[in-house]
Amino acid sequence: MRNDRCEHKGCEHLGLTQITSGLTRAPIRFSRLRQDWPDRRPTKREPREDAYAVHISLRAAGPWETWMNGRKFGSDTIPKGAATLLTLDSGPSTFCHSAYDFMRIHIPRPAIDELADDAGLPRPSHLRAPFFKVALDSVLFQFATAALSALEQPAEASSLFLDHIALATLAHVHRTYLGGSTEARQLHGGLAPWQERRAKEAMSASLDKDISIAQLASECGLSCSHFARAFRKAAGRPPHRWLLERRVETAQGLLLNSPMSLREIAKACGFSDQSHLTRAFARMVGTSPGAWRRTRRG
């Protein structure tokens, strides 16, 4: 996962970072576009590129206008949870008559093609929806709120977690919004025992470091999406969840058997700081690491 400055004017206003998934050769970028007053003029036309932008509304906004290839499109109030899809090769610009708050997911076409090839799906040639469409999408809204937590606390967001969201987003967009068949190759079974062992060993060896799905998939000789699906089938949870559980288990061992401080344990187990350890530990165990240590060490 990379944290980059977001060059979109809405992100500059907030001073937020942009988070990037390196899952595919063409990275998927997540950013937040928020402004607490109406636009005074349309945004500058975005550079033309072979990509899509999906905007998921985090609160109601509108009316909303957009220009693509010199044509004006519009929408009445955009409800919370609505998704809009823009084709960036049309050089769009937008204008909102109210304050707004969106999660933006930038998806290069090569990333969708890569997923399609990997899953045995046809490469989509066009958007299923018109150039500009507003539709409630509870699935994308869930992905957006998950990515929002990573944007707000990028130090706590692992590459495995962001890759998981990116994979799920790509699959959903292909299935829901893009043309072509949605029948993918059926995945039979999970990982081979040696693949599951190697993936878990690689994650255990990286407790204090960041590791990506691409690295784990390479260890197993699989593509990213095949590995992610197969690991979940084999282990019963996605890789980022398995790694978090392993980090908490390791922290429990250190709490019981070492004199290390909570800050030292957090660093050794790959948490960004003591607060990150405390939140993750409490969610998984039901109490804080300090309280857990005191009750077991007397």
Side-chain angles (χ1 to χ4, degrees), residues 1-2 19-24 28 30 115 118-119 139 142-143 145-150 153-172 187-257 262 265-289 292:
M1 179 187 74
R2 297 205 314 269
I19 52 177
T20 303
S21 168
L23 178 70
T24 53
I28 313 300
F30 298 80
L115 172 72
D118 181 30
V139 175
Q142 290 177 2
F143 298 159
T145 53
L148 183 61
S149 65
Q153 296 178 310
E156 297 185 11
S158 68
S159 290
L160 286 179
F161 175 67
L162 192 58
D163 289 348
H164 174 74
I165 297 176
L167 262 178
T169 297
L170 282 170
H172 179 74
L187 178 65
H188 299 288
L191 299 173
W194 72 266
Q195 291 172 319
E196 183 178 357
R197 182 175 62 253
R198 183 166 296 180
K200 290 179 177 179
E201 288 173 350
M203 285 189 282
S204 296
S206 300
L207 287 184
D208 61 342
K209 299 183 287 291
D210 200 21
I211 191 169
S212 68
I213 282 183
Q215 290 172 283
L216 295 175
S218 178
E219 288 285 334
C220 296
L222 299 172
S223 66
C224 291
S225 61
H226 189 166
F227 168 79
R229 294 193 303 268
F231 184 92
R232 184 165 191 159
K233 188 174 183 65
R237 57 185 66 77
H240 74 271
R241 180 68 183 182
W242 187 92
L243 180 57
L244 180 61
E245 291 174 357
R246 179 68 178 135
R247 283 173 167 159
V248 169
E249 290 170 1
T250 302
Q252 288 177 307
L254 293 174
L255 287 166
L256 282 178
N257 303 309
L262 293 181
I265 290 174
K267 183 177 180 181
C269 295
F271 295 99
S272 60
D273 54 28
Q274 182 177 328
S275 295
H276 185 197
L277 165 65
T278 298
R279 285 191 293 273
F281 194 99
R283 284 196 302 269
M284 192 168 295
V285 180
T287 187
S288 70
W292 189 88

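No experiment lies behind these values; they were computed from the predicted model shown.
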Check whether any side-chain heavy atom of [X] lies under 4.5 Å from a side-chain heavy atom of [Y], and answer yes or no.
{"X": "Arg246", "Y": "Thr250", "answer": "yes"}
{"X": "Glu219", "Y": "Met203", "answer": "no"}
{"X": "Phe271", "Y": "Ile265", "answer": "no"}
{"X": "Leu167", "Y": "Leu115", "answer": "yes"}
{"X": "Phe231", "Y": "Ile213", "answer": "no"}
{"X": "Pro289", "Y": "Thr278", "answer": "yes"}

Problem set entry | Shortest non-hydrogen contact from Ala251 toward Leu277 | CB-CD1, 4.0 Å

Exercise. Of the non-hydrogen atoms in Ile19 and Ala150, which two are nearest, and what is the gap between them?
Worked result: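 Where Ile19 meets Ala150 most closely, the heavy atoms are CD1-CB, 3.6 Å.
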
Nearest 0.5 Å please: distance from the [atom1] atom of [X] over to the [atom2] atom of [Y].
{"X": "Arg247", "Y": "Trp242", "atom1": "CZ", "atom2": "CH2", "result": "10.5 Å"}
{"X": "Leu216", "Y": "Leu191", "atom1": "CG", "atom2": "CG", "result": "10.0 Å"}
{"X": "Ser149", "Y": "Ile165", "atom1": "OG", "atom2": "CD1", "result": "6.5 Å"}
{"X": "Arg197", "Y": "Ser204", "atom1": "CZ", "atom2": "OG", "result": "12.5 Å"}
{"X": "Leu162", "Y": "Phe30", "atom1": "CG", "atom2": "CZ", "result": "5.0 Å"}
{"X": "Leu254", "Y": "Leu262", "atom1": "CG", "atom2": "CG", "result": "11.0 Å"}

Problem set entry | Partners meeting side chain to side chain contact (heavy atoms under 4.5 Å, CB included) with Arg241 (sequence neighbours left out) |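 Counting only residues at least two positions away or on another chain, Arg241 forms a side chain to side chain contact (heavy atoms under 4.5 Å, CB included) with Arg237, Pro238, Leu244, Glu245, Met284.
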
Problem set entry | Partner residues of Ala282 under the side chain to side chain contact (heavy atoms under 4.5 Å, CB included) criterion, sequence neighbours left out |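 Not a single residue meets the side chain to side chain contact (heavy atoms under 4.5 Å, CB included) criterion with Ala282.
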
Problem set entry | Working for side-chain contact (heavy atoms from CB on, under 4.5 Å), residues Leu243 and Leu207 | CA-CA 8 Å; Leu243 180 57; Leu207 287 184; 3.8 Å; yes

For this session: Show your working on side-chain contact (heavy atoms from CB on, under 4.5 Å) between Ser159 and Ile211 and close with a plain yes or no.
Result: CA-CA 6 Å; Ser159 290; Ile211 191 169; over 6 Å; no

Problem set entry | Residues Asp163 and Ser212: side-chain donor-acceptor under 3.5 angstrom |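 No.
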
Hey, is the main chain of [Y] close enough, under 3.5 Å, to the side chain of [X] for a donor-acceptor pair?
{"X": "His276", "Y": "Ser272", "answer": "yes"}
{"X": "Ser206", "Y": "Lys209", "answer": "no"}
{"X": "Thr145", "Y": "Gln142", "answer": "yes"}
{"X": "Arg198", "Y": "Cys220", "answer": "no"}

For this session: Can you sort out the partners of His172 under ring-ring contact (aromatic ring centres under 6.0 Å, His included), two or more places apart, ordered by chain and number?
Result: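 Testing His172 for ring-ring contact (aromatic ring centres under 6.0 Å, His included), a comparison that skips the adjacent residues, returns none.
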
